[in-house]
Amino acid sequence: MSTHATPATALERELLGAARGGDQDAYRRLVEPHRGELHAHCYRMLGSVHDAEDALQDVLLRAWRGLPRFEGRSSLRSWLYRIATNACLNAVARRPKRVLPIDHGPAADPHDVPHTPLVESAWVEPYPDEPLGLEDGRAGPEARYERRESVELAFVAALQHLPPNQRAVLILRDVLGFSAREVAETLDTTAAAVNSAMQRARKAVDERLPEPSQQATLRALGDQHLREVVERYMDAMGRGDVEAVVALVARDAAWSMPPLASWYHGRDELAVFLANAPLNGTWHWRHRAARANGQAAVGTYIAHRADGPHHAFSLDVLTLRGAQIADITSFITRTTDLPDGATFLQWPDQPDDPGRLELYFERFGLPVRLG
């Protein structure tokens, strides 16, 4: 395929020669153009920004040590993806798969106290596609998905349900546009096995993905209408107006809050949840618009006094269906180590988990405090 078989430029050959000779600066310049897309590849495979960064460091170290054995029969890009894919497969084998709360168990009763959180490693994490420079469009003519489509929250969550080799095949073929032969070489298998895995993976992912994708929805909605939806959501939450929030969501909308396992389904249930917890009048809210996973998102900030400083609480990733909000996934920054006698209804009063605060706010360029 032409996008992967492009001959090395004179500069790439020069940098490659210097890097093989031990020049670390030349190696950095050689791999830097590929760093962002390799990071996104590791995120799709692993469902975690933190795990993706660990995997990418492993990839770059393996590539540095393996440069003397790189013979140039494939492009540097293809070679790096082979190393990255196998590093991720090794990582997948060492840990449980990540999911979203809606895939973990049935919806909770909003009258009940939220369930105890699972360990942090159970959940898919949000992806800061804009700060990390993820490009628009498709990676190549054979790619089935756009780059931003392939980091949408539902897509990444669907990938985590695939067996690891099927996950790798689908990403390499349908996201990155590699040929069956190239994928077979990457995974040390046959083109026939790749095509068979591809059919099974496509069927499984298609069954889980909403139609249309968020990218298609956002294009149809347009920038102005999208801003209006986000602004109405922020305004309604900021005023503590349960009815106004519920009016923005689809009849079958879902609201989840990793790291809590609890999630709520349907307008009536969301109204009860909002009235009992975030909008019960105890706290005041402010908001900042953001983007995450190629989707609309909102940073939420909370305080006991309307005129006091508001502290980061959650990154709400919005999944839209037309102009309605179909899903809200609130990635919450607070610690899950509550003092004796406290429940998660008092969660906003607990201190932040520094790791979550960094993952959900700082990486997205959001301030951790307003006012």
Side-chain angles (χ1 to χ4, degrees), residues 1 3-4 30-63 75-92 97-98 100 123-160 162 164 166-178 182-183 186 201 205 209 213-215 218 290-297 315 317 329 331 358-360 362-365:
M1 191 175 73
T3 55
H4 303 293
L30 184 68
V31 300
E32 189 61 31
H34 306 286
R35 179 185 288 268
E37 61 175 348
L38 289 170
H39 187 281
H41 178 57
C42 293
Y43 171 72
R44 296 179 190 108
M45 285 289 297
L46 302 172
S48 161
V49 173
H50 182 268
D51 290 353
E53 290 180 347
D54 287 347
L56 181 58
Q57 292 307 309
D58 183 31
V59 169
L60 296 177
L61 180 59
R62 291 188 192 194
S75 70
L76 175 69
R77 180 175 182 269
S78 297
W79 183 68
L80 289 172
Y81 268 110
R82 177 171 187 162
I83 296 172
T85 301
N86 285 288
C88 288
L89 289 172
N90 289 339
V92 168
K97 73 179 180 182
R98 291 177 179 266
L100 292 173
W123 307 119
V124 171
E125 295 173 354
Y127 190 71
D129 51 298
E130 290 193 339
L132 289 174
L134 187 66
E135 297 179 8
D136 292 321
R138 288 176 166 79
E142 293 187 30
R144 189 182 183 203
Y145 299 101
E146 301 172 23
R147 290 182 179 93
R148 289 191 189 276
E149 269 184 327
S150 67
V151 295
E152 290 177 6
L153 209 50
F155 186 87
V156 174
L159 288 175
Q160 308 313 302
L162 296 176
Q166 288 185 29
R167 191 184 314 172
V169 166
L170 186 138
I171 294 170
L172 291 169
R173 290 283 285 125
D174 282 357
V175 174
L176 298 169
F178 286 102
E182 289 171 312
V183 176
T186 294
V205 166
L209 287 184
S213 72
Q214 284 301 285
Q215 303 315 298
L218 298 182
R291 293 291 293 262
N293 295 80
Q295 301 176 215
L315 178 70
V317 182
T329 308
F331 293 93
E358 193 262 342
L359 275 175
Y360 304 158
E362 295 174 8
R363 288 176 183 264
F364 288 85

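Keep in mind the model is a prediction, meaning the values are calculated, not measured.
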Legend entry - Closest contact, heavy atoms only, Ser78 versus Glu182: OG-OE2, 4.3 Å
Inset, instruction - Check step by step if side chain to side chain contact (heavy atoms under 4.5 Å, CB included) holds for Asn293 and Tyr43. - result: CA-CA 11 Å; Asn293 295 80; Tyr43 171 72; 2.9 Å; yes
Inset, instruction - Looking only at non-hydrogen atoms, find the nearest pair between Leu89 and Ala168 and report the distance. - result: CD2-CB, 4.4 Å
Legend entry - Close side-chain approach of Glu142 and Leu176, heavy atoms under 4.5 Å: no
Legend entry - Between Gln215 and Glu152: side-chain donor-acceptor atoms closer than 3.5 Å: yes
Inset, instruction - Would you mind reporting whether Tyr127 and Val49 have side-chain heavy atoms less than 4.5 Å apart? - result: yes
Legend entry - Student check: side-chain heavy atoms of Phe178 and Ile171 closer than 4.5 Å: no
Inset, instruction - To the nearest 0.5 Å, tell me how far Leu162 CG sits from Leu170 CG. - result: 6.5 Å
Inset, instruction - Show the numbers, then the answer: is there a side chain to side chain contact (heavy atoms under 4.5 Å, CB included) between Phe155 and Val175? - result: CA-CA 11 Å; Phe155 186 87; Val175 174; 4.1 Å; yes
Inset, instruction - State whether a side-chain donor-acceptor pair under 3.5 Å links Gln160 with Arg167. - result: yes
Legend entry - Closest contact, heavy atoms only, Val317 versus Pro126: CG2-CB, 4.5 Å
Inset, instruction - Would you check if Leu159 and Met45 make a side-chain contact, meaning some heavy-atom pair closer than 4.5 Å? - result: no
Inset, instruction - Nearest 0.5 Å please: distance from the CG atom of Leu60 over to the CD1 atom of Ile83. - result: 9.0 Å
Inset, instruction - Check the pair Arg363 / Glu358 against side chain to side chain contact (heavy atoms under 4.5 Å, CB included), numbers first and verdict last. - result: CA-CA 6 Å; Arg363 288 176 183 264; Glu358 193 262 342; 3.0 Å; yes
Inset, instruction - Would you check if the side chain of Asn86 reaches a backbone N or O of Thr186 as a donor-acceptor pair within less than 3.5 Å? - result: yes
Legend entry - Separation of Glu149 CD from Arg144 CZ (nearest 0.5 Å): 10.0 Å
Legend entry - Check: Arg147 and Asp136 side chains under 4.5 Å, non-hydrogen atoms: no
Inset, instruction - Give the minimum heavy-atom separation between Trp123 and Leu100, together with the two atoms involved. - result: CZ3-C, 3.6 Å
Legend entry - Beyond-backbone contact of Gln295 with Arg291, side-chain heavy atoms, under 4.5 angstrom: no
Inset, instruction - Please report the closest heavy-atom contact between Ala292 and Phe364, naming both atoms and the distance. - result: CB-CE2, 3.4 Å
Inset, instruction - Mind checking the CZ-CG spacing from Arg62 to Leu80? Nearest 0.5 Å is all I need. - result: 12.5 Å
Legend entry - Any side-chain heavy-atom pair of Arg98 and Glu125 under 4.5 Å: yes
Inset, instruction - Give the C-alpha distance, both sets of side-chain angles, the deciding distance and a yes or no for side chain to side chain contact (heavy atoms under 4.5 Å, CB included) between Tyr145 and Val205. - result: CA-CA 12 Å; Tyr145 299 101; Val205 166; 4.1 Å; yes
Legend entry - Pairwise distance SG(Cys88) to NE2(His41) - rounded to 0.5 angstrom: 5.5 Å
Inset, instruction - Quick one: list whatever passes side-chain contact (heavy atoms from CB on, under 4.5 Å) with Glu37, sequence neighbours left out. - result: His34, Arg77, Tyr81
Inset, instruction - Search all heavy atoms of Leu315 against all heavy atoms of Ala297 and return the closest pair with its distance. - result: CD1-CB, 4.2 Å
